[in-house]
Amino acid sequence: MFPFSFEWIWDAGHLVFHGGLWYALTVLGLGMTYCIIKAVLDAGKGKGDHHH
Amino acid sequence: MKNGNFKKFGMVIDLDKCTGCGACMVACYAENNIPFREDDTDKMLSVSWMHVYRLNNGKPFPDYEECFLPRPCQHCEGHHGHSPCVSVCPATATDYNMATGIVSQIYPRCFGCRYCMGACPYHVRQFNWWDPIWPDGMEKMLNPNVSVRMRGVVEKCSFCVQRYQLAMDQAYMEGRQEIEEDDYQTACTETCPAGAITFGDLNNPEHAVHQLAQPDPAHEGRPKNPKAFRLLERLGTNPKIYYLSRREWVRRAGDNYLKGEFQNKAHS
Amino acid sequence: MDTALIPKGVKRCPIWQFALWISANGAVLAWGVFAMLLVYIKGLNQTNMNNAYGFALWIWADLAVIALGGGAFFTGFLRYLVGKEELKYIINYAVLIGFICYSSALMILGFDIGQPLRGWFIFWHANVHSMLTEVAFCLTCYFGVLTIEYIPMVLENRKLDKVPFFHNLGHNMHEIMAVFAATGAFLSFFHQGSLGGVPGVMFGRPFGFREGVLIWPWTFFLFTWSAAAFGPCFTIFITKITETLTRKKLVKDNVIDLLAKISGWMIFFYIIAKIIDTIYWATVTAPSKGFTFLEFYTNNPGSAYGLWILIAEIGVCGVLPALILITPKLRRIQGFLWLAVFLGVIGVCLNRWVMVLQVLAVPVLTFEDWFTYLPSWQEVATTLLPVAYGVIMISVSYRYLPIFPQERELNPIDEPAAAAREVIPEPSAAGPEPELSPAES
Ligand code: SF4
Ligand code: SF4
């Protein structure tokens, strides 16, 4: 999973596979971080207090 | 290893010599600390690295004939080390060693998904459904060079790889670069009273296995000896166990053929 | 008692009925958990698997729920990436069903391995050439996506929504849902395919083995495709069951109709590809290994692998539902719609069964025979466990979350006072146990 585990080889297979994996994880991670930070900021601004 | 001197350990089993006595199986149990249960009658649940099959020609008496077929791990090379089982293991817990041709099994790393068992067409890979329990006192008799396996992992014949390591150590201590044919022999080979099993380096023209099987490097080791065959050769597993028999029906039983195919092959 | 949690403007059954329903399912759940603990503590000797059947009921269940859960990614793909707006009225439910399916799959995988404590080796020591590695990674990541998609639904609960942070979080997640859905579709494409790759790459097993392109056997594409095709059938099927049990219309016909149509065409093209694949395999691939097609099927007593299984999978549960679903007249008749989605669900489950168990049952060595297997009660109980868990998840989610955006419009409550009184409907004929139906509502 990481370049420091001993079966890791820098070959096309590992690059494509882990490239795809880390890409997906990054998108998900950044997406969630954005949502959470923005939610905190929005809540600070008083959004969502009296809706409906 | 140097100068591309790769070894390819393999076996030739003469089925016309095998009497089905099962000594190879017993030797294997003892050498490799293979666990067994008090009631080990259900062979689908038991572990046996070496298994002796009983075949017959399907004909009624007096044409009835039998043949015993010992089946260790075939140490398949596939195409370029792409063995059926090695390629599928998700945790890299089994490996094809390019220097020896041995398919290893790393017990502490196997997590028991059993994908390799499905991938092996020879039913060589077996699962430890239970933790091993040795009869009282027997644990003192275990081979110290072979680790015992825990429940939940897959195991299989290793060509007694511990003996290879010992032989290499010995050679090193004696200042030799190479091991001799006799330095490394598997337990089953040494035990077989009929002398049906021969073991050695298939790449080495001086070794008996090479002379008996006459592997053809142009065709992924297919035997040139017309009496020799490999199990399920047509699947592309490229095994390193060669079987010998003068009997045609035995050779035919080694693989699947469509109608007429085997005869055509024999004549070509 | 829990009225404060129930979405505004909808009717739910009284709490005692709900509790009864949950306990009934809870009993099944408890039985499954008991069996699961047995397996964890005593090991896989609790199953009837053996050295020939290393994969059995569990792996089938895994593959089946993942295929059925494919409705989530495909509906998400259609809604967010293709822009089929109507599907927003069913996407919530598709996501919930997917979430249940995938969490079940992960749970099953957890006890299916011989050394559960080493489960993380599949990630840590990943062999990138193994199909199972890809399955494990994409499955886990995609489960993360489904969780992300499910969270906003939970946050819409009346009470939670009052908390400003939760309200904003749900809102923000909705806003960038397309990004998550796209990632989910990407991940799904690969793990659905890799599950097909599992038998497809086993070149020692002529029944499963297929040629393909590059590293992907044809089964890779067939599995992805069939999950996308049949997954929506399952979404519709479960929606229909929910509507029956609650005796309410929850999703408008045009939404179901659209999804059914797309599903139908997907199945139609899938089944053509599957037929071509089967013919090629039977006439070229298998004979090249010395097998005739008929050697893969047996009618021996006690073995469930006769030719009927192929006819059922491709004909009855493939071609037939495809034809019903692509014909507007037929799919608009409720009975036919029910039949088609039901057959579709059976069909994809049969396909997964064959590709897991029959692969192992067929003798490959000439001197071996067909292998047989019957699951142990522990295997059955642990396989029913996800079903009970799913029912409970759906019941709880339905009761407390606005899963069906059209429910209020389709089931107007005349006066709030009346609603409280007439909640106990008479038993319906839909389920075997009479208390099943009202409790769902
Ligand atoms: S015989 Fe089976 S276990 Fe041995 S190398 Fe071949 S596929 Fe692997
Ligand atoms: S059972 Fe063990 S050796 Fe076999 S594929 Fe799984 S992890 Fe690898």
Side-chain angles (χ1 to χ4, degrees), chain B residues 42-47 53-56 69 71 76 78 82-93 108-123 125-131 150-154 231-232 234-237 252-259 261-262, chain C residues 42-47 49-56 59 109 112-136 198-199 201-206 208-209 286-292 295 356 359-360 363-368 371 373:
Chain B
D42 187 347
K43 293 303 172 206
M44 294 313 287
L45 295 174
S46 65
V47 182
Y53 283 89
R54 183 180 189 166
L55 284 55
N56 67 60
L69 186 141
R71 184 242 49 208
C76 310
H82 191 85
S83 333
C85 54
V86 170
S87 50
V88 300
C89 175
T92 335
R109 188 188 273 192
C110 168
F111 66 97
C113 70
R114 307 182 300 287
Y115 190 8
C116 54
M117 292 171 68
C120 170
Y122 305 99
H123 289 128
R125 293 182 162 265
Q126 289 153 348
F127 188 72
N128 282 279
W129 302 98
W130 288 269
D131 265 320
M150 64 298 283
R151 145 187 129 187
V153 304
V154 164
L231 283 183
L232 305 177
R234 304 183 71 179
L235 296 181
T237 51
R252 194 189 197 287
D255 214 333
N256 294 284
Y257 298 97
L258 302 178
K259 246 200 201 113
E261 260 183 353
F262 184 74
Chain C
K42 297 194 169 181
L44 294 185
N45 52 49
Q46 298 296 301
T47 70
M49 287 190 275
N50 57 39
N51 290 332
Y53 275 99
F55 287 170
I59 292 287
L109 281 179
D112 187 30
I113 55 180
Q115 285 279 338
L117 291 179
R118 295 182 190 168
W120 56 283
F121 285 12
I122 199 170
F123 304 113
W124 197 258
H125 297 301
N127 167 15
V128 296
H129 304 291
S130 169
M131 287 290 166
L132 217 51
T133 309
E134 202 183 0
V135 172
V198 166
V201 298
M202 298 206 284
F203 61 95
R205 297 288 186 168
F209 176 73
S288 74
K289 320 263 172 203
F291 286 86
T292 61
E295 279 174 277
V356 175
V359 170
L360 301 178
V364 184
L365 283 169
T366 58
F367 39 87
E368 281 186 329
F371 295 94
Y373 153 84

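Computed over heavy atoms, backbone and side chain alike; hydrogens, waters and symmetry mates excluded.
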Next on the checklist: Between B:Tyr122 and C:Leu365, is the side-chain contact (heavy atoms from CB on, under 4.5 Å) condition met? List the steps.
Outcome noted: CA-CA 7 Å; B:Tyr122 305 99; C:Leu365 283 169; 4.0 Å; yes
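- Remark: the backbone N or O of C:Lys42 is paired with a side-chain donor or acceptor of B:Arg151 at under 3.5 angstrom.
- Listed options B:Asn56, B:Asp131, B:Leu45, B:Val154 were ranked by heavy-atom pairs under 4.5 angstrom with chain C; first place goes to B:Leu45.
- Only the side chain of B:Leu231 comes within contact range of chain C, judged by heavy atoms closer than 4.5 Å.
- Remark: B:Arg125 engages no residue in a salt bridge (Lys or Arg N to Asp or Glu O under 4.0 Å) (not counting sequence neighbours).
- Per-residue counts of heavy-atom pairs under 4.5 Å with chain C were compared for B:Asp42, B:Thr237, B:Leu232; the largest is that of B:Leu232.
- Residue B:Cys116 does not touch chain C at all, counting heavy-atom pairs closer than 4.5 Å.
- Within the 4.5 Å cutoff, no side-chain heavy atoms of B:Val47 are placed close to those of B:Trp129.
- In terms of heavy-atom pairs under 4.5 Å with chain C, the best-connected choice from B:Arg234, B:Arg252, B:Met117 is B:Arg234.
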Next on the checklist: Before you tell me yes or no, could you show the steps for C:Ile113 and C:Ile122 under side-chain contact (heavy atoms from CB on, under 4.5 Å), namely the whole-Å CA-CA distance, both residues' side-chain angles and the distance that decides it to 0.1 Å?
Outcome noted: CA-CA 11 Å; C:Ile113 55 180; C:Ile122 199 170; over 6 Å; no
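- In this structure, C:Arg205 contributes its side chain and C:Phe203 its backbone to no donor-acceptor pair below 3.5 Å.
- Only the side chain of C:Glu368 comes within less than 4.5 Å of a heavy atom in chain B; its backbone stays farther off.
- Looking at C:Phe123, neither its backbone nor its side chain comes within 4.5 Å of chain B, counting heavy atoms on both sides.
- Judged purely by atom type and a 3.5 angstrom limit, C:Arg118 has no side-chain atom pairing as donor or acceptor with the backbone of B:Gly112.
- Applying the salt bridge (Lys or Arg N to Asp or Glu O under 4.0 Å) rule to B:Arg109 yields the partners A:Glu7; only residues at least two apart in sequence or on another chain are considered.
- Heavy-atom pairs under 4.5 Å with chain C were tallied for B:Gly236, B:Gly152, B:Pro90, B:Ala119; the largest tally goes to B:Pro90.
- Contacts between B:Lys43 and chain C at a heavy-atom distance below 4.5 Å involve the backbone alone (N, CA, C, O).
- Considering only heavy-atom pairs separated by less than 4.5 Å from chain B, the leading option among C:Glu295, C:Met131, C:Met49, C:His129 is C:Met49.
- Put simply, of C:Asn51, C:Asn127, C:Thr366, the one with the most heavy-atom pairs under 4.5 Å next to chain B is C:Asn51.
- Taking the centre of each ring, B:Phe111 and C:Phe121 stay at or above the 6.0 Å mark.
- Only the backbone of B:Val86 comes within contact range of chain C, with heavy atoms under 4.5 Å apart.
- Per-residue counts of heavy-atom pairs under 4.5 Å with chain C were compared for B:Tyr115, B:Trp130, B:Tyr53, B:Phe127; the largest is that of B:Tyr115.
- Aromatic pair C:Phe371/B:His123: centroids less than 6.0 angstrom apart.
- Heavy atoms of C:Ser288 lying under 4.5 Å from chain B belong exclusively to its backbone.
- Annotation: maximal heavy-atom pairing with chain B below 4.5 Å, among C:Val198, C:Leu360, C:Thr133, C:Thr292, occurs at C:Val198.
- Of the listed residues (B:Ser87, B:Pro108, B:Ala93), the greatest number of heavy-atom pairs within a distance under 4.5 Å of chain C belongs to B:Pro108.
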